[in-house]
Amino acid sequence: MPGLVPGVHVLLIYLRPVRDLFNFDPHLWVYDKASCEMLAEMELPANATGSPITYMAGGKQFIVFPVGGSGLVEELIAVSL
């Protein structure tokens, strides 16, 4: 794909939405958009309740998203790429 940096993945992040709050199998899935290969899967303590944000700190990229609510413990989850 033109314009992509070799060795750098363009990621698609999927979080189970809040409307699926009572599905008690919450996960984070990370896919390479170019190859559709699943790069990571992570079990979460609760379903995501908001949109993810990304930021850089100390030369690393992080993705942060809220989980919980509606009677479940609310917290922020941060993962590093």
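No experiment lies behind these values; they were computed from the predicted model shown.
Glu41 is linked by a side-chain hydrogen bond (donor to acceptor under 3.5 Å, both in side chains) to Trp29, counting only residues two or more places apart in sequence or in another chain. Residues satisfying the side-chain contact (heavy atoms from CB on, under 4.5 Å) criterion with Leu76, sequence neighbours excluded, are Val64, Pro66.
Using a 4.5 Å heavy-atom threshold, the side chains of Leu28 and Val79 count as touching. Put simply, the side chain of Thr49 does not reach to within 4.5 Å of the side chain of Phe65, judged on heavy atoms. Looking at heavy atoms from C-beta onward, Ile77 lies in side-chain contact with Met42 at the 4.5 angstrom threshold.
Heavy-atom minimum distance, Phe62 versus Ser80: CE2-CB, 3.7 Å.
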Criterion side chain to side chain contact (heavy atoms under 4.5 Å, CB included) on Val67 and Glu75, from CA distance to verdict: CA-CA 6 Å; Val67 298; Glu75 58 187 315; 3.6 Å; yes

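No hydrogens or angles considered: a donor-acceptor pair under 3.5 Å links the side chains of Gln61 and Thr54.
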